[in-house]
Protein chains: 2
Amino acid sequence: MKPEDCAEVRGIALFSDMAEENFARLMRGAYVQNFPPFTQLFEQGDPADFLHVVVAGGVELYAVWSGRETTMYVAYPVSAFIVAASLKDAPLLMSARTLERSRLVLLPSQDVREVFRIDHDFARAVVDELAHCYRGALKDAKNVRLRNAQERFANYLLKRWRIEGGADTFTLPLEKRRLAAKLSMTPENLSRAIRALQPHGVEVDGAKVRLTDRAALEKLARPTPLIDDPHC
Amino acid sequence: MKPEDCAEVRGIALFSDMAEENFARLMRGAYVQNFPPFTQLFEQGDPADFLHVVVAGGVELYAVWSGRETTMYVAYPVSAFIVAASLKDAPLLMSARTLERSRLVLLPSQDVREVFRIDHDFARAVVDELAHCYRGALKDAKNVRLRNAQERFANYLLKRWRIEGGADTFTLPLEKRRLAAKLSMTPENLSRAIRALQPHGVEVDGAKVRLTDRAALEKLARPTPLIDDPHC
DNA sequence: CGCCGATTTGAGAGCTTTCAAACTTTGTGG
DNA sequence: CCACAAAGTTTGAAAGCTCTCAAATCGGCG
């Protein structure tokens, strides 16, 4: 386990507050591994043997039932996933595959649970993480159930615009097909949403986006912190 | 605060493990209140001043955006809700109204946070609760995104059947319009789902249900613990 | 240049919602 | 006990949104 990877993991909120000694204990049992694109990491129903941290690349978490499949979440660096299942030692509810070449740190769930019991700063960080995940899931459900595809994409653009610091042109950080999955729609529908937003000041050329009339876009998107603010 | 109410609250997993002294501290600042049907308890965006516990009745948690509304969750006795917002002191993501005459215990969030800091058994119970909520939200998302209305209702019937101890006739515990909301569909669609299940051994008369061919129903419903088992 | 994958476009089908109206149930007051 | 009003439920028709399938187009890369 290289020091750089350790530092990456230590940097996220979930691990930054805990005692050095306990962090070291977690790292002792940890694996680091590089995966090619589209590698199956685990399947829903598997036991949660490891807490996963994406250090580089991207991981799609998806669910399957009766031959149908849906993307639930996409994990980007640097963040942890399947925290809840690891802690509760419960079966995984989602399957996971890499979307590109990815570097993961795997922490044995048993170690995580043990350190959780003895390190109260870590325990508090876990609570923060779980609360954040739960509220994220709620916001996601609101996004999907209260907005149609066009509105979801419009709000995504405004979110990106804010993140890019307000520049009126920026670049989509994902392939469109993956963006579509992230927004719970098909690539075809994303394509139609893009076209439908042209009259509202949205110009898309490949991955390049230009917002020429933000007022119009906001009028249509009606963003609200209760859905769109990840920190709220 | 009557001892009966105290006992009710103490009985749920979230509060059963904590030190008596700390529980007493929580109860000291608590309110108990009876609400008539369809009383607004709070609105999304409000500060989470109180952790709520339903002792009797039922509470609908719903979300609103741009004139549209969707039921997110229905809380029944005895259970806590808005745990995450209380702990993080974050704005509420859902609005709440009583569905019937209801009795609630309100615990000031400040007290909850304080006790959370000093009582590690409570903290652990909080983690369990949050993990359970989060996984519940995931299962819900899978249910809605992977199944159509008919399949959701079919699986609901099988879940009730299990809860009722396997009797082939039982009674729906909710009004149909609320059941529809709980299953994320309109009352009209629930009505159609009921009719569509007749050829699969489902007889519904008012609130009375009779399952005459469970094998057929299971063939259609394809229940899986990864969506339908609340404890998994 | 030519292939391969991603994206776009069009057509059609499926599921869900909405609206309106008929029907049933429930509860109240005469 | 009945009549009536109010609310809940069912049914039908129509529209909207999303998905699927197929084909055309665009793009990068060997």
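Proteins come first, then strands; the chains are lettered A, B, ... in the order of their sequence lines, and each starts at number 1.
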Rounded off to whole Å, could you give me the NZ-to-P distance for the A:Lys208 and D:dG27 pair?
-> 11 Å

Contacts of type ring-ring contact (aromatic ring centres under 6.0 Å, His included), residue A:His52, not counting sequence neighbours | A:Phe42, A:Phe81

Selection: residues 148-161 of chain A, any non-hydrogen atom under 4.0 Å of DNA chain D = A:Asn148, A:Ala149

Those residues at least two apart in sequence (or on a different chain) that pass ring-ring contact (aromatic ring centres under 6.0 Å, His included) with B:Phe153 are none

Yes or no on side chain to side chain contact (heavy atoms under 4.5 Å, CB included) for B:Val32 and B:Lys2, after CA distance, side-chain angles and deciding distance?
-> CA-CA 9 Å; B:Val32 186; B:Lys2 291 183 190 162; over 6 Å; no

Please identify each residue that fulfils side chain to side chain contact (heavy atoms under 4.5 Å, CB included) with A:Asn148, with sequence neighbours left out.
-> A:Gln150, A:Glu151

Those residues that, when tested against B:Phe170, pass side chain to side chain contact (heavy atoms under 4.5 Å, CB included) (two or more places apart) | B:Leu157, B:Arg160, B:Trp161, B:Glu164, B:Val209, B:Leu211

Got a sec? Which of residues 59-76 of chain B come in under 4.0 Å of DNA chain C, heavy atoms?
-> none

Please name all residues satisfying side chain to side chain contact (heavy atoms under 4.5 Å, CB included) with B:Leu130, sequence neighbours left out, ordered by chain then number.
-> A:Val127, A:Leu130, A:Ala131, B:Val83, B:Ala84, B:Leu87, B:Val126

Sequence-distant partners of A:Phe38, ring-ring contact (aromatic ring centres under 6.0 Å, His included), two or more places apart = none

Provide the start and end nucleotides, 5' to 3', of the part of DNA chain C that has atoms under 4.0 Å from heavy atoms of chain B.
-> C:dC15 to C:dC19

Which residues in residues 181-202 of chain A have at least one heavy atom lying under 4.0 Å from any atom of DNA chain C?
-> A:Glu188, A:Ser191, A:Arg192, A:Arg195

Quick one: list whatever passes salt bridge (charged side-chain N to carboxylate O under 4.0 Å, His left out) with B:Glu100, sequence neighbours left out.
-> none

Going by distance alone, is a donor N or O of one side chain under 3.5 Å from an acceptor N or O of the other, for B:Thr39 and B:Arg97?
-> no

Within this structure, what is the CZ-to-P distance between B:Arg177 and D:dA6, rounded to whole angstrom?
-> 16 Å

Candidates A:Arg147, A:Lys142, A:Arg162 - the one meeting salt bridge (charged side-chain N to carboxylate O under 4.0 Å, His left out) with A:Asp228 | A:Arg147

Of all residues at least two apart in sequence or in a different chain, which pass the ring-ring contact (aromatic ring centres under 6.0 Å, His included) check with A:Tyr73?
-> none

Check the side chains of A:Asn143 and A:Arg152 for a donor-acceptor pair under 3.5 angstrom, ignoring hydrogens and angles.
-> no

